[in-house]
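Encoded as structure tokens, here's the structure I'll be asking about.
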Amino acid sequence: MIRLEDVQKIYRPGREISVPALRGITLEVTGGEFVAIMGASGSGKSTLMHIIGCLDRPSGGRYFLDNEEISKKGDNDLAEFRNKYIGFVFQSFNLLPRLNALENVELPMVYRGVRLPERRKRAEEALELVGLSDRLRHRPAELSGGEQQRVAIARALVGEPSLLLADEPTGNLDSTSSAEVIEIFCKLNQRGITVVFVTHEEEIAAFTRRIIRLRDGLVIEDRENRPPRGYAVNAGEVSCS
Amino acid sequence: MSFWEWVKIAFKSIGANKLRSALTTLGIIIGVSAVIALVSVGQGASQEISARFESMGSHLIMIRPVRSAGGDLFIEDAYELEERIPSIEFAVPTVNFSATIKYQNKSYDTSVEGVNSGFPEVRNHNPVSGRFLIPQEIELRSRVVVLGQTVVKEIFGSQDPLEETVYIRGQPFVVVGVMEAKGTTMGVDSDDIAYIPVTTAQRLSGTSSVNTIYVKAKSAADAKIAVSHITLLYSKKFPREDAVRITSQDELLTAIGETTQTFTILLGAIAGISLLVGGIGIMNIMLVSVTERTREIGIRKAIGAKRRDIMGQFLIESILLCVAGGFIGILLGVTASRFISRVAGWTTAISPGAVILAFAFAAAIGLFFGAYPARKAAALDPIEALRYE
């Protein structure tokens, strides 16, 4: 599914200054996994996420997604990969404020060229899946943080991606909403979607089956995890089995 | 992604900033309407001048002797031209002077023109009541007069002037006809005139020569031939080349046409500049819009928008603004042109060419000035764009 071979990323904010964000990451994620990437800020986890999400290209090493070498692709091909294979969930939701929930969810299909009746139907289904059937016409400003993030998840999965990426998806949410979001991720993973997310909250990472820790641009820990049953994320109840 | 999706997105973002969109479009509206209105004024002027010149008689050639250069022409010269040059249809010798016309206790200063019976044909000017001078009256030096409308109005008011006797330089003249109204051409009242036989005019002013010979050629092509014939004829007759001045109406018309066209182009260009300024306004606001929507662009890119999707969205937005401006501008320009023609009394002519040109120019401005902001938007790095606050 995902294979990174000695992936490096060096930022050059100015001449003679180079900031290495990733210093050689090698890892493989197979289809259907549920992975948390952890690390302190500055450890390179966001950069890694951007590379896995085809938003950025590594400056060294190779990255394969579904056996296609992404590191060699052009901007348009990357856009197409993002559209077809990847669903993104961001910490700050990143919904378009002028569009209602339904239109926001439709957006990836607009860029894929899906016709209106078809994409409307699929958007409705996706919103139903995240439990927002009664909020279709609401704009982001009229929704709570948790609801906004659920809309964002619906948008991420409406294109039936093989990989769902989330960057601190619960970072801006209260504990109840966090629990709901995690529960949705669990369910999606059970349906066979590969889920990878970045977090710094141990309680959230605990629900995944694999935890990868980064420090200073290197993998320092990569271990399996057994998610607990009926575990409580702070105050919120999560049932995922 | 289809073209219509781009159009839909563009419409949405225009609708989201209604006031700003309207103000931006205003630049284009003013530009397009200015082009249309000003060009219509120019074209109207050109048409009016041409029409007036044509009403003076088509294929007209004027021959004026220049006394100081030894030129002198007589009535016989006119008849010689008619006989010897086949391309000439009529030649009318004229003598003019100003005189006071008296009727009962009223008097009026006007210009008196001695002409022959061919005058109505040559100058395209006919009597509206009574008749014009006839050949016998020319031969017999009759004291008959045909009056212009202004003279009739000044002397007779609403009274019928036919068969009345007026005095010109103390001599009694019978009014035999009244000419049709011709109006004012470039500040000269063409109806402020009285026509008498050229022979009578010569006797009254004590001269044997003529002031001008008006010649009518059979066609436009003949006018050119006639001019060269006349030139040749008089170059033999007079030692000096400038003894007679030969002016062809067609040539004059061409020259005036060129002048008015320059005038129209100048007006159009001034208006075009305002259109250009409108275009810069579009570019300015599109650049602001791209900056403002950096995050939106980042989101769209992250979920799979390609370069051309973003480019198309912004380009179509700017073209839509310009085309809408162009459309409203046409309506406004046509209204303004009508208004000018009503209030100022000028003739205006809206040419479809100017309308199409202004509209196409507006659309092209949208494309041109939208291209840079759209490229800028399309080239944004998605990660940078997503970080933008």
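In what follows, chains are A, B, ... by sequence order, proteins preceding strands, each numbered from 1.
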Measure the spacing between CD1 of Ile383(B) and OG1 of Thr47(A) and express it to the nearest 0.5 Å.
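One gets 7.5 Å once the value is rounded to the nearest 0.5 Å.
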
The reported gap from CD1 in Ile299(B) to CZ in Phe93(A) (rounded to nearest 0.5 angstrom) is 12.0 Å

Arg98(A) side chain near Ser13(B) side chain, heavy-atom distance below 4.5 Å:
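The answer is yes, as the side chains (C-beta and beyond) meet within the 4.5 Å cut-off.
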
Considering only heavy atoms, which portion of Asn94(A) lies under 4.5 Å from any heavy atom of chain B: side chain, backbone, both, or neither?
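Both the backbone and the side chain of Asn94(A) come within 4.5 Å of chain B.
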
Within the supplied structure, the quantity of interest is the number of heavy atoms (other residues, nucleotides, ligands) at a distance under 6.0 Å from Tyr372(B) OH; does it exceed 12?
no

Under a 4.5 Å heavy-atom cut-off, does chain B meet the side chain of Glu103(A), its backbone, both or neither?
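The side chain, not the backbone.
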
More than 12 heavy atoms of other residues, nucleotides or ligands under 6.0 Å from CZ of Arg338(B): is that the case?
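No, the 6.0 Å shell around CZ holds no more than 12 heavy atoms from other groups.
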
Residues Arg119(A), Glu5(B): salt bridge by 4.0 Å N-O rule
yes

Would you call Ser92(A) and Arg295(B) a side-chain contact if the rule is heavy atoms closer than 4.5 Å?
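Yes, side chains in contact.
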
Heavy-atom count around Phe11(B) CZ within 6.0 Å, excluding the residue itself: above 12?
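Incorrect, the count does not exceed 12.
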
What closest approach, in Å, do Ala305(B) and Ala79(A) show between heavy atoms, and which atom pair accounts for it?
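Closest approach of Ala305(B) to Ala79(A): O-CB, 3.7 Å.
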
So, the part of Gln313(B) with a heavy atom under 4.5 Å from chain A: the answer is side chain

Is chain B contacted by the side chain of Phe81(A), its backbone, both, or neither, given a heavy-atom distance below 4.5 Å?
neither

Is it the case that more than 12 heavy atoms not belonging to Glu128(A) sit under 6.0 Å from its CD atom?
no

Between Asp77(A), Asn83(A), Leu107(A), which shows the greatest number of heavy-atom pairs under 4.5 Å with chain B?
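Option with the greatest count: Asn83(A).
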
Would you compute the distance between atom CG of Asp381(B) and atom CG of Leu55(A) and round it to the nearest 0.5 angstrom?
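Those atoms lie 8.5 Å apart.
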
I'd like to check Lys12(B) versus Leu99(A) (side-chain heavy atoms, cut-off strictly below 4.5 Å). Are they in contact?
yes

Which heavy atom of Phe90(A) sits nearest a heavy atom of Ala302(B), and at what distance?
CZ-CB, 3.9 Å

Evaluate the side-chain proximity of Ile303(B) to Met109(A): yes if any heavy-atom separation is below 4.5 Å, no if none is.
no

Between Asn76(A) (side chain) and Lys306(B) (backbone), is there a donor-acceptor pair under 3.5 Å?
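Here the side-chain-to-backbone pair does not exist.
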
For Lys73(A), does the NZ atom sit with more than 12 other heavy atoms under 6.0 Å from it, leaving out its own atoms?
yes

Is a donor on one side and an acceptor on the other found under 3.5 Å between the side chain of Arg82(A) and the backbone of Lys301(B)?
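A pair under 3.5 Å: yes.
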
Structural part of Ile86(A) lying under 4.5 Å from a heavy atom of chain B
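Neither part; nothing is under 4.5 Å.
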
CD/Glu125(A): more than 12 non-hydrogen atoms of other groups inside 6.0 Å
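Yes - once you tally the heavy atoms of other residues, nucleotides and ligands closer than 6.0 Å, there are more than 12.
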
